[in-house]
S.K.: 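Let me begin by handing over the structure; questions about it come next.
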Amino acid sequence: MFFMMFLINYLINLISKQTYIRISKKVDSQFEEDILKKNAKLRYDILENHENYELIERIYDNSENAITIGLNEISAFIKIIVEILSISAIIIKSSILIGTIVLILLILMAI
């Protein structure tokens with residue numbers, strides 16, 4: 001059972017990393033394309049203003065990082081849920097009462 005849980009955890013990490021890389025690349029390229037389209041629609045006098053240009057650059061830099069951080073947090077949350085369920089399933093096989101108690105405690109610890 002322990003080996004099976006280790007294998008499942010390894011596969012989840014592998015799938016999570018691959019999915020994160022694919023989604024991150026897609027989001028980055030789509031986000032950059034959207035920003036460029038919006039910049040192209042702006043009037044020249046707005047872009048010439050130094051304060052406006054700094055705001056646009058700040059939005060561009062921070063938003064891309066925020067999206068990738070959010071994706072990373074979502075994948076970590078899914079990993080925690082799977083780990084909780086796998087540990088609880090192993091314990092529930094031996095005792096339903098103890099397994100339920102452990103499941104509740106693990107959920108409270110995750111929160």
S.K.: Which of these, I101, V102, T100, sits in a side-chain contact (heavy atoms from CB on, under 4.5 Å) with I104?
M.R.: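 That would be T100.
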
S.K.: Under 6.0 Å from the CD1 atom of I98, do we count more than 12 heavy atoms belonging to anything else shown?
M.R.: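 No.
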
S.K.: More than 12 heavy atoms of other residues, nucleotides or ligands under 6.0 Å from CD1 of I96: is that the case?
M.R.: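 No.
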
S.K.: Calculate, to the nearest 0.5 Å, the distance between atoms OG and CD1 belonging to S94 and I91 respectively.
M.R.: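 Between atom OG of S94 and atom CD1 of I91 there are 7.0 Å.
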
